Amino acid sequence: MKKRLLSMFFAGIMVIGLLVGCIKDEPQTSKGNDATPKTNETVAAKTVDENWGDMTWDEVLAEAKGQSVNWYMWGGSAIVNSFVDTVVAGKAAEYGIKINRVGVTAISEAINKVMGEKTAGKNTGGEVDLIWINGANFMTMKQSDVLFGPWSEDIENAKLVNWEEPTIKYDMGFLVEGHESPWGNAQMQMIYDSEHYSIDELPQNFTELLEWCKANPGRFTYMALPDFKGTRFVKQILYELTGGYEQYMRDDITKEEFAEMSAPVWEYLKELSPYLWRKGKTYPKSTSELDKLYSNNEVGFSMTLNGGGISSAIKAGIYTETSRVYTMETSIGDVNYVAIPYNSNAKAAAMVIANILIDPSTQAQAITDISYRPVIDSTRLSEEELNEIKKGFGKLIKGAYVEEEELLRNRVPEVSGYLNVFINELWTEKIGSK
Amino acid sequence: MDEKNKPWLLLLPALLVIVFLFLGGILFCIVQSLNYQPIIGKTTIDLEAYRSIFTERTFLVSLVYSFYIAFGATFLSIVTAIIIAMALRKTFIGKSIAVFTFQFPIPIPHIVSGVAILMLFTQSGFISRIFNMMGIAESPSSFPELVFDPMGVGIILALLWKFMPFIGVSVLALLQTSGLVYEEQATSLGANSWQRFRYVLLPIMKPAIMSTSILTFAYGFGAYELPFLLGGVYPKTLAIVAFERYNNVDLTYRPESMAMSIVITIFVVSLILLYRKMATQNS
Amino acid sequence: MACIKKKNQNNITRKIILVLLYTWTFVPFIPILIWSFSLRWNYPNLIPEFSLRAWKYVFTQKNIISSLFSSILISSVVTAISLAIGLPAAKALGMYKFKGKKLISTLVTLPAIVPLLAVAMGIQVVFIKLGLSDSIYGVVLIHLVPVMPYMIMNLSSVYEAYNPEFEQQARVLGANAFTTFYKITIPAILPGIIVASMFSFIVSWSQYLLTLIIGGASTKTLPLLLFAFLNSGDYAIGGAICIIFVLPALILLFGSPKYFAGTKSVRGGEV
């Protein structure tokens with residue numbers, strides 16, 4: 001009896017042992033390396049962790065070689081995923097850097113991870129090496145001291161960026177101060193199908209939108225907050241109905257005060273809701289749900305933040321071929337950034353990737369591949385680089401992107417990102433849970 | 001080694017897993033739900049999180065909603081399972097294929113059921129397009145709202161696809177064995193089909209129905225994947241609300257998310273204990 | 001006459017029910033299949049703009065292949081461990097009578113019934129401290145919680161039907177424990193083990209929420225990937241992944257009809 005027991009256990013353990021051995025060999029997501037990169041120098045190589053501030057760009061490149069970067073970003077766009085996995089990864093490979101793109105549903109997953117690591121005292125070898133981030137999330141991380149920096153104004157291509165430009169200097173009202181590096185320009189645009197509507201009959205501002213919805217009931221809706229685009233949509237209404245964004249550029253507005261200031265918005269949305277899709281009783285939970293409604297012509301509009309429009313999305317089959325974009329008279333624009341957590345072991349490689357992202361050829365390719373709009377300052381580019389960018393735009397579908405002049409005319413900044421929490425809560429209270 | 005201890009030794013590894021992972025996990029969840037947060041220096045416990053959620057409209061609505069979904073899906077599954085099992089219990093040509101089809105959904109992952117409902121029953125889904133082709137529905141909005149709607153119809157349908165065969169196969173097994181025997185007896189005693197069903201077959205099916213529907217109800221009550229895929233903005237099921245709060249970057253919501261999970265757990269455990277009590281009473 | 005009329009009525013009713021059953025069971029797979037071959041498939045089209053984009057993506061993209069591999073690996077290991085732990089436990093429950101058996105029996109099956117959200121959320125803190133969070137080891141451990149009870153329940157019924165006299169006879173004839181186990185016990189319970197293992201594999205294979213919480217963002221199993229694509233509205237790739245995702249279940253269904261057909265081998269727990 002005893003023997004039988006033992007033999008059963010032995011067999012089991014053998015099986016487990018074999019399989020565990022298999023696991024150990026399986027390539028796990030490699031964290032930023034502790035391995036010292038190979039260099040030709042006989043002198044002890046400089047590292048970002050110890051010598052940042054005293055390194056040349058070549059020394060950063062040398063340290064970066066052989067490192068592997070876990071880049072956490074929103075994984076909801078197959079096009080962007082492909083771009084990172086092929087174009088960016090290809091360029092990184094030239095520097096001996098490996099990118100491990102980790103797609104998350106909400107970037108809060110990555111933030112929680114870093115915060116959790118800090119709480120547990122894990123100050124090196126963090127899981128996250130690079131993170132696509134902005135706004136309130138950036139503020140949370142910066143204020144919690146979990147970001148490495150300042151670094152972004154010191155990388156090689158930083159000279160191509162105009163750091164004084166307000167939309168770059170401030171991320172939703174928070175001072176960037178070199179703790180993140182820009183990589184794409186975003187602005188909210190409305191998508192419509194030119195086969196069903198001509199641009200002249202479409203509402204150009206939110207007052208007109210209300211009238212349009214009354215005349216075309218059930219043909220419009222917006223993402224349920226707290227989806228990022230939904231919040232932004234409502235914030236635009238806030239600016240238009242309460243006299244502009246400047247009044248919100250304070251950091252001491254309480255929820256009560258904001259509820260008063262934003263009262264016209266909630267009245268507007270309440271008035272609007274019966275004319276929305278499904279009579280406003282429910283809202284699409286995400287961008288992709290709204291996109292589906294739009295593609296199936298259940299509603300007439302969708303929205304995008306892509307600075308370069310929707311050409312790539314059309315090519316990927318997400319929108320119909322006759323889809324076009326335009327901006328409302330109040331259209332929030334901002335910048336996408338990447339940041340580096342304080343406990344990453346691959347800071348050098350992460351910086352190199354950030355550098356690659358603002359390289360003119362990458363920025364040009366981003367236009368055609370993912371309909372991004374460059375963040376680099378055109379006045380700082382050479383003739384050749386400018387041409388590359390122009391060619392990038394040339395490859396886009398006419399009408400599927402908004403001309404720079406219109407973009408700038410309607411563009412307003414997203415200020416005081418902390419107010420977004422109030423907007424989300426108030427929307428849920430007054431509209432979302434009815 | 002004496003025989004008395006043998007079973008305990010055999011059970012030891014399993015018990016270790018249960019105690020450390022299962023019970024341990026629940027214990028840690030309870031502790032965190034009691035607001036014990038040493039990270040911010042708080043080493044006292046209180047029921048603040050529970051007080052907070054039970055006075056919150058969203059939570060209470062979700063509680064009722066989860067119950068409704070679980071009950072609705074289970075009830076419909078029981079009814080349809082009985083109908084089909086009754087139809088399949090006798091021998092006929094093609095029975096083995098029919099039974100195979102009946103049990104087909106059992107090992108298929110729930111998510112697949114959800115994907116199918118998503119593609120079939122949305123207002124611009126496959127079924128709607130067929131209606132459109134047949135001239136019944138002229139646009140997506142003419143098709144009924146079955147997915148992303150507050151009644152959770154899509155969710156219930158997806159659960160039904162999985163639950164019905166699960167309950168039905170157990171019922172069928174009983175009908176084919178003891179069911180047939182007693183049925184014959186009842187017929188020879190002169191009972192009509194309704195009487196046979198009501199007084200002979202139904203009681204025979206009861207144990208199978210009871211044991212399987214407890215499981216389906218428990219799953220439906222704590223479901224996350226299907227309500228997430230197919231549900232609307234409001235109301236949301238308990239598991240979704242709890243998980244959303246768990247993921248909130250603002251850690252003050254953590255205890256509440258833990259409390260909600262414990263509520264789900266306690267509810268299901270109570271249900272199981274209740275069932276056990278009823279089962280022993282009946283036998 | 002009345003008898004025959006009744007029988008025909010029953011036949012027709014049954015036929016109708018059968019047609020509904022076949023439709024209800026198999027139609028769901030049609031749009032999934034069609035979507036996987038689509039570029040664009042908008043209302044009101046019943047046929048999509050055809051494209052192999054999704055399948056190309058699925059067979060060539062690194063992240064999909066590694067997800068598939070992760071899923072297979074995790075589910076296999078979980079099944080193996082559950083079998084090693086479950087066999088003795090099932091034997092104890094199936095062949096012995098002892099005090100507290102009812103309680104243990106309930107305890108052991110509880111994790112298969114109770115929603116495990118609390119368990120995952122609760123134990124995550126501990127896993128982080130132990131370095132198990134965000135790793136394949138942690139995911140394997142957490143999968144044990146729903147899978148092991150399932151395995152034990154399935155195996156118990158096998159043991160309950162098992163006749164211990166065969167073993168005793170073998171011992172009487174001089175066989176030792178190991179030989180007895182190999183030559184007598186295993187062949188007798190092997191079919192049951194296979195079915196139990198396949199079911200357990202599928203339980204682990206289908207896990208979403210547990211893997212999401214414990215595995216974090218770095219352990220991507222197939223259901224997580226599927227969810228991500230569905231969420232982002234890409235039904236084409238979602239459909240393709242879905243089809244791959246169903247394969248183990250199809251293998252079980254078509255590979256072991258003998259063990260499957262409407263018997264007690266189907267027990268408790270939700271897949």
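Chain letters run A, B, ... following the sequence lines, proteins first and then strands; every chain starts at 1. The structure presented is a predicted model; accordingly, all values stated were derived computationally and were not measured.
- Using a 4.5 Å cut-off between heavy atoms, B/Leu21 touches chain C through backbone and side chain atoms alike.
- Contacts between B/Met133 and chain C at a heavy-atom distance below 4.5 Å involve the side chain alone, from C-beta outward.
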Apply side-chain contact (heavy atoms from CB on, under 4.5 Å) to C/Ile213 and B/Phe243, showing your working. CA-CA 9 Å; C/Ile213 294 179; B/Phe243 190 57; 3.5 Å; yes

side-chain contact (heavy atoms from CB on, under 4.5 Å) evaluation trace for C/Tyr208 with B/His110: CA-CA 10 Å; C/Tyr208 173 73; B/His110 277 271; over 6 Å; no

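- Residues B/Arg129 and C/Asn42 share a closest heavy-atom pair of NH1-O, 3.3 Å.
- Taken to the nearest 0.5 Å, the CD1 atom of C/Ile241 stands 11.0 Å off from the CD1 atom of B/Ile111.
- Between C/Tyr22 and B/Phe104, a ring centre-to-centre spacing not shorter than 6.0 Å is recorded.
- Contacts between B/Leu27 and chain C at a heavy-atom distance below 4.5 Å are absent for every atom of the residue.
- A pairwise comparison of heavy atoms in C/Ala249 and B/Pro109 identifies CB-CD, 4.4 Å as the closest pair.
- Between C/Leu253 and B/Pro107, the closest side-chain pair of non-hydrogen atoms falls below 4.5 Å.
- Within the 4.5 angstrom heavy-atom criterion, only side-chain atoms of B/Phe228, from C-beta onward, approach chain C.
- Counting heavy-atom pairs under 4.5 Å between each of B/Ile214, B/Val17, B/Leu16 and chain C puts B/Val17 at the top.
- Both the backbone and the side chain of C/Leu209 have a heavy atom closer than 4.5 Å to some heavy atom of chain B.
- The contact between C/Met148 and chain B is made entirely by side chain atoms (from C-beta outward), counting heavy-atom distances below 4.5 Å.
- If you measure heavy-atom distances from B/Ile167 to chain C, you find no contacts under 4.5 Å at all.
- Only the side chain of B/Tyr246 comes within contact range of chain C, with heavy atoms under 4.5 Å apart.
- Ranked by heavy-atom pairs shorter than 4.5 Å toward chain C, the options B/Ile117, B/Leu229, B/Ile262 are led by B/Leu229.
- Contacts of C/Trp35 with chain B are made by side-chain atoms alone, with heavy-atom separations under 4.5 Å and no backbone atom involved.
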From CA spacing to verdict: side-chain contact (heavy atoms from CB on, under 4.5 Å), C/Leu144, B/Phe22: CA-CA 9 Å; C/Leu144 278 182; B/Phe22 179 66; over 6 Å; no

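- Contact count versus chain B (heavy atoms, under 4.5 Å) is highest, among C/Leu93, C/Leu18, C/Leu110, for C/Leu110.
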**Request:** Carefully, step by step, assess C/Phe29 and B/Ile108 under the rule side-chain contact (heavy atoms from CB on, under 4.5 Å).
**Result:** CA-CA 11 Å; C/Phe29 292 98; B/Ile108 309 274; 4.1 Å; yes

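- With a threshold of 4.5 angstrom between heavy atoms, B/Gln32 approaches chain C through side-chain atoms but not through N, CA, C or O.
- Counting heavy atoms from C-beta outward, C/Ile32 and B/Val112 have side chains that approach closer than 4.5 Å.
- Of all heavy-atom pairs spanning B/Asn132 and C/Pro44, the tightest one is OD1-CB, 3.4 Å.
- The shortest distance between side-chain heavy atoms of B/Phe221 and C/Pro115 does not fall below 4.5 Å.
- For chain C, no part of B/Arg254 is nearby; none of its heavy atoms comes within less than 4.5 Å.
- Heavy atoms closer than 4.5 Å to chain B are found in the backbone of C/Lys99, but not in its side chain.
- The most heavy-atom pairs under 4.5 Å with chain B, out of C/Ile104, C/Val125, C/Val246, C/Leu250, come from C/Ile104.
- In this structure, the portion of C/Lys102 lying under 4.5 Å from any heavy atom of chain B is its side chain and not its backbone.
- Two residues are said to be in side-chain contact when any heavy atoms from C-beta on lie closer than 4.5 Å; C/Trp24 and B/Met164 meet this criterion.
- For chain C, the option among B/Leu120, B/Ile83, B/Thr265 with the highest count of heavy-atom pairs below 4.5 Å is B/Leu120.
- For chain B, the nearby parts of C/Leu21 are the backbone and the side chain; heavy atoms of each come within less than 4.5 Å.
- Counting heavy-atom pairs closer than 4.5 Å to chain C, the top residue among B/Trp161, B/Tyr224, B/Phe28, B/Phe126 is B/Trp161.
- Interface residue C/Thr25: backbone and side-chain heavy atoms are both found under 4.5 Å from chain B.
- With a 4.5 angstrom heavy-atom cutoff, B/Thr177 does not touch chain C via any of its atoms.
- The residue among B/Gly94, B/Ser113, B/Gly24, B/Ser139 with the most heavy atom pairs within less than 4.5 Å of chain C is B/Ser139.
- Taking B/Ser128, B/Gly168, B/Ala242, B/Pro105 one by one and counting their heavy-atom pairs under 4.5 Å with chain C, the maximum is reached by B/Ser128.
- Between B/Ala137 and C/Tyr43, the closest heavy-atom pair is O-OH, 4.1 Å.
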